[in-house]
> 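Take a look at this one; I'll ask things after.
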Amino acid sequence: MSLTVADAVDYKGHPADKSRTGGWVPAALSLGIEICERLSTMGIAVNLVTYLGGTMHLPSATSANVVTDFMGTSFLLCLLGGFLADSYLGRYRTIAIFAMVQMLGTCLLAVSTKLPQLRPPPCKYTDVTQCEQANSFQMGILYLSLYLIALGTGGLKSSVSGFGTDQFDEKNEKEKAQMAYFFNRFFFVISTGTLMAVTVLVYIQDEVGRSWGYGICSASMFIALVIFFSGTKRYRYKKCSGSPIVHICQVVSAASGKKTAKLPSDISLLYEDLPEASRIHHTDQFRFLDKASVVTEDDYRQGSFMMNPWKLCPVTRVEEVKKMIRLLPIWATTIIFWTTYAQMITFSVEQATTMERTIGHFQIPAGSLTVFFVGAILISLAVYDRFIIPLCKKWRGEPGKMNIMSASFVETTNDSHYSSNVFDHFLSTGFTNLQLIGIGLFLSAMGMAAAAVVEVKRLSVAKKYNETTTLPITVFYLIPQFFLVGAGEGFIYTGQLDFFITQSPKGMKTMSTGLFLTTLSLGFFFSSLLVSIVKATTGSSDKQGWLGEHINKGRLDCFYGLLAALSFFNFGLFLLSAAWFRKKTVKQAPETEIIVKESTIEEKC
């Protein structure tokens, strides 16, 4: 039995010794970084809108857009972090550098919230239009700190989980089991960090001071970094393998350069240089990309065959890009969910600031209402894991019923082979990843509909008590929208992650995670765009419109209703996309051997 890991090295660059490197303990040392990243990102995001409105005196819609732009940028920068980790820095250096960047950002944010020169003077009015807004210098310092944190988040999110899995050898059954345990603990750590952020950290920000809350984030990241560096000699390191983004660009470049080339009638004439075990067989979709594999005279130099990856790509590389393209309709229809999610940490928190939040002598911080959101995620996953899956397994144990149900299920669908596979999968492991995504989209649409109904009630109370700072309506009216969207995230997050990882080609697994994270980014950016469009079309210089200076004077219920309608429409598009995805056809090509003779090419099959 080998004492080293084939594709990993130690900190000196030597083959990694299994007995001295890797395993559960080194992997666990990176979890502190993940806790602190969640603590910083979520602790800032869920309570930032109250600081922007209450301290910086920004209008309601502007405050919401600052938060969603911050979150959208954080997730978009995951692509940059992943590219640097895969191509140049490696995951260890990426984590170290970007953790320092985030620590610097939270430290600067703590300073900006502490110094009175970096915020406008306090204002006694509840209407922010009568208060002095933060000037460009004060907002500049705030933006600098926020986007340093976003940059740090992007680098960390793209590398921490991957670096943890690098510590295990998938070819070793014992270590493979440990890796599964690590993933379970990793999700628990994310949930723990989020819960601490929306409860303890938000309370400290509101009751002790913003600077204390953000200072704790910075100090925590410093401690996590010290712990992370302590394991340097025990880590396993994977060599940079190149970014899948480059491979995609090569295929597009090669296909574009040969757009006038004629595709052969026999697909076995297309170029392929990978061994049979690593090949992906040719498919009929997106045939224009096949031109990247057409061998022409331009692929020869001085009578010798010269393979330039920017001008000629093997069929397998082309098929990898095709598989990624097939994911795009599902990818596009999951973006709207994260737009509804954005409302939970922006407008829903603003709603909470206007409502009665006291229990006895204790006042619940407005940002801490998101604890119901996190709770819904954990409850929905627990119910699915402990009740739905065992029920499915028990149902499968009754063969008579299963056969009857399976037959009737197949009869009502066009693709009987796919249908029976889906049904068997449901009985053995619960819902498929596409079904989980669909459930999440439907629940989020229902959540927005519930939010619109609750806002109608809140606005009716606001009209009666126009000058009252805190409206006599309990904040617990907001629980349904937090719970429905939170439960939706529990399903869609696991469904999306599983879908993109399992359906993407082996050579582009890191790209699949980036594709998943871009749905979050674009969802937040779309929220900012939608808010700006609604504000511009429904308001004017003498009219606030649906969204504007203060939510008590707007029509947030109409905005929520619009989001609910968009969500239900998007749910229908998702169903169509899922039906199209499962009907893709695969055409297998025979093995191709290319023999080069002077200036001609002979194909053998």
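Atom set for the values below is all heavy atoms of this structure, side chains included, hydrogens, waters and symmetry mates excluded.
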> Do Thr68 and Phe525 have side chains that get closer than 4.5 Å, going by heavy atoms?
no

> Can any side-chain N or O of Ser87 pair as donor or acceptor with the backbone N or O of Leu84 at less than 3.5 Å?
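Between the backbone of Leu84 and the side chain of Ser87 there is no qualifying donor-acceptor contact (under 3.5 Å).
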
> Within the distance-only criterion (no hydrogens, no angle test), does the side chain of Ser40 pair as donor or acceptor with the backbone N or O of Glu37 below 3.5 angstrom?
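No.
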
> Could you tell me which residues satisfy ring-ring contact (aromatic ring centres under 6.0 Å, His included) with Phe373, sequence neighbours excluded, listed by chain and number?
Tyr341

> Restricting to non-hydrogen atoms, name the atom on Cys36 and the atom on Gln102 that form the minimum distance, rounded to 0.1 Å.
O-OE1, 4.1 Å

> Taking the side chain as every heavy atom from C-beta outward, state whether Met71 and Ile345 have any pair of such atoms under 4.5 Å apart.
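The answer is yes, as the side chains (C-beta and beyond) meet within the 4.5 Å cut-off.
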
> Are the side chains of Tyr235 and Tyr11 in contact, using a 4.5 Å heavy-atom criterion?
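Heavy-atom side-chain distance check fails, nothing below 4.5 Å.
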
> Who pairs with Phe83 by ring-ring contact (aromatic ring centres under 6.0 Å, His included), at least two apart in sequence or on another chain?
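So Phe83 forms a ring-ring contact (aromatic ring centres under 6.0 Å, His included) with Tyr88.
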
> Can you establish whether the number of heavy atoms outside Met355 located under 6.0 Å from its atom CE is more than 12?
yes

> Compare every heavy atom of Leu441 with every heavy atom of Ser444, then report the nearest pair and how far apart it is.
OG-O, 2.8 Å

> Measure across Arg357 and Ala366 and return the closest heavy-atom pair with its distance rounded to 0.1 Å.
NH1-N, 3.4 Å

> Measuring from Ile533:CD1 to Leu547:CG, what's the distance to the nearest 0.5 Å?
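Answer rounded to 0.5 Å: 12.0 Å.
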
> Please tell me if the side chains of Phe491 and Leu443 come closer than 4.5 Å, counting only heavy atoms from C-beta onward.
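When only atoms from C-beta onward are counted, Leu443 and Phe491 do touch, with a gap below 4.5 Å.
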
> Which residue pairs satisfy the side chain to side chain donor-acceptor pair (under 3.5 Å) criterion with at least one member in residues 482-491, sequence neighbours excluded?
none

> Do the side chain of Ser159 and the main chain of Leu156 share a donor and acceptor less than 3.5 angstrom apart?
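The answer is no, because no donor-acceptor pair under 3.5 Å joins these two groups.
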
> Using the side chain to side chain donor-acceptor pair (under 3.5 Å) criterion, which residues pair with Glu350? Sequence neighbours excluded.
Ser60

> Is it the case that the side chain of His57 and the backbone of Cys131 share a donor-acceptor pair, with hydrogens and angles ignored and the cut-off at 3.5 Å?
no

> Keeping the roles fixed (side chain from Ser368, backbone from Ile364), state whether a donor-acceptor pair exists under 3.5 Å.
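The answer is no, because no donor-acceptor pair under 3.5 Å joins these two groups.
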
> In terms of heavy-atom contacts, does OH of Tyr51 have more than 12 from other residues, nucleotides or ligands at under 6.0 Å?
yes

> Going by an N to O cut-off under 4.0 Å, is there a salt bridge joining Arg236 and Asp10?
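So Arg236 does not pair with Asp10 through a salt bridge.
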
> Would you say the side chains of Ser528 and Asp69 form a donor-acceptor pair under 3.5 Å?
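A donor-acceptor contact under 3.5 Å links the two side chains.
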
> May I ask you to check whether Thr50 and Thr353 show a side-chain donor-acceptor distance below 3.5 Å?
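No pair is found: no donor N or O on one side chain lies under 3.5 Å from an acceptor on the other.
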
> Can you give each donor-acceptor pair under 3.5 Å made by side-chain atoms of residues 136-144, sequence neighbours left out, with the distance rounded to 0.1 Å?
from: Gln138; atom 1: OE1; to: Asn135; atom 2: N; distance (Å): 3.0
from: Gln138; atom 1: NE2; to: Gln117; atom 2: O; distance (Å): 3.2
from: Gln138; atom 1: NE2; to: Arg119; atom 2: O; distance (Å): 3.2

> Please tell me if the side chains of Phe524 and Thr339 come closer than 4.5 Å, counting only heavy atoms from C-beta onward.
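A side-chain contact under 4.5 Å is absent here.
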
> Could you list the residues that satisfy salt bridge (charged side-chain N to carboxylate O under 4.0 Å, His left out) with Arg555, not counting sequence neighbours?
Asp557

> Run the side-chain contact (heavy atoms from CB on, under 4.5 Å) test on Gln351 and Ile551 for me, step by step, so that the C-alpha distance in whole Å, both residues' side-chain angles and the decisive distance to 0.1 Å come before the verdict.
CA-CA 8 Å; Gln351 286 177 287; Ile551 59 172; 4.1 Å; yes

> Check whether any side-chain heavy atom of Leu39 lies under 4.5 Å from a side-chain heavy atom of Thr194, and answer yes or no.
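No, too far: nothing below the 4.5 Å cut-off.
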
> For residues 214-229, tabulate all N or O donor-acceptor pairs below 3.5 Å that involve a side-chain atom, not counting sequence neighbours.
from: Tyr214; atom 1: OH; to: Arg210; atom 2: NH1; distance (Å): 3.3
from: Ser218; atom 1: OG; to: Met103; atom 2: O; distance (Å): 3.2
from: Ser220; atom 1: OG; to: Ile216; atom 2: O; distance (Å): 2.7

> With sequence neighbours left out, write down each residue that passes salt bridge (charged side-chain N to carboxylate O under 4.0 Å, His left out) with Arg458, or none if nothing qualifies.
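Arg458 satisfies salt bridge (charged side-chain N to carboxylate O under 4.0 Å, His left out) with Glu455 only.
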
> For Asp206 and Pro365, which heavy atoms make the closest approach, and how far apart are they?
OD2-CB, 3.2 Å

> Under the criterion side-chain contact (heavy atoms from CB on, under 4.5 Å), I'd like the reasoning laid out for Leu146 against Val66: C-alpha separation, chi angles, the key distance, then a yes or no.
CA-CA 10 Å; Leu146 286 177; Val66 170; 4.3 Å; yes

> Of all residues at least two apart in sequence or in a different chain, which pass the side chain to side chain donor-acceptor pair (under 3.5 Å) check with Ser348?
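With neighbours one apart ignored, the set is Gln481, Tyr560.
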
> Counting only N and O atoms by type, is there a donor-acceptor contact under 3.5 Å from the side chain of Ser30 to the main-chain atoms of Pro26?
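Not confirmed, Ser30 side chain does not pair with Pro26 backbone.
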
> State, to 0.1 Å, how close Ser532 and Asn65 come at their nearest heavy-atom pair, and which atoms those are.
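That closest heavy-atom pairing would be OG-ND2, 3.2 Å.
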
> Using the side-chain contact (heavy atoms from CB on, under 4.5 Å) rule, take Leu436 and Ile492 through it: C-alpha gap first, then chi angles, then the decisive distance, then the call.
CA-CA 6 Å; Leu436 288 172; Ile492 200 170; over 6 Å; no

> Which heavy-atom pair separates Gly81 from Thr94 by the least distance, and what is that distance?
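Nearest pair, atom of Gly81 first, then Thr94: O-CG2, 4.0 Å.
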
> With a sphere of 6.0 Å drawn around CZ of Arg93, does it hold more than 12 non-hydrogen atoms of other residues, nucleotides or ligands?
no

> If the condition is side chain to side chain donor-acceptor pair (under 3.5 Å), which residues does Thr232 pass it with, not counting sequence neighbours?
Tyr92

> Determine, using ring centers only, whether Phe516 and Tyr493 are less than 6.0 Å apart.
yes

> With the side chain counted from C-beta on, respond yes when Ile149 and Phe70 share a heavy-atom pair under 4.5 Å apart, and no when they do not.
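In short, these two side chains touch, coming nearer than 4.5 Å.
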
> Could you pull out all residues at least two apart from Phe347 that satisfy ring-ring contact (aromatic ring centres under 6.0 Å, His included)?
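For Phe347 the ring-ring contact (aromatic ring centres under 6.0 Å, His included) partners, ignoring immediate neighbours, are Phe559.
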
> So, do Tyr237 and Asp166 sit near enough that their side-chain heavy atoms are less than 4.5 Å apart?
no

> Among residues at least two apart in sequence or on other chains, which ones pass side chain to side chain donor-acceptor pair (under 3.5 Å) with Ser521?
none

> For the pair Thr538 (side chain) and Trp546 (backbone), establish whether a donor and an acceptor sit closer than 3.5 Å, ignoring hydrogens and angles.
yes

> Just by distance, with hydrogens left out, do Thr153 and Thr41 show a side-chain donor and acceptor under 3.5 Å apart?
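Per modelled atom types, Thr153 and Thr41 side chains form a pair under 3.5 Å.
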
> Report the C-alpha distance between Phe372 and Leu478 in whole Å, list the side-chain angles of each, state the deciding distance to 0.1 Å, and finish with yes or no for side-chain contact (heavy atoms from CB on, under 4.5 Å).
CA-CA 9 Å; Phe372 294 107; Leu478 300 180; over 6 Å; no

> Given 3.5 Å as the limit, does a donor-acceptor pair link the side chain of Asn570 with the main chain of Thr333, or not?
yes

> Assess the side chains of Trp338 and Ser527: does a donor N or O sit below 3.5 Å from an acceptor N or O?
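Checked: Trp338/Ser527 side chains show no N/O donor-acceptor pair below 3.5 Å.
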
> Got a donor-acceptor contact below 3.5 angstrom from the Gln205 side chain to the Gly43 backbone?
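Answer holds: yes.
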
> Among Met446, Met344, Gln343, whose side chain to side chain contact (heavy atoms under 4.5 Å, CB included) with Val485 holds?
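Exactly one pass, corresponding to Met344.
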
> Could you check whether Glu356 and Thr358, counting side-chain N and O atoms only, form a donor-acceptor pair closer than 3.5 Å?
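There is such a pair between these side chains.
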
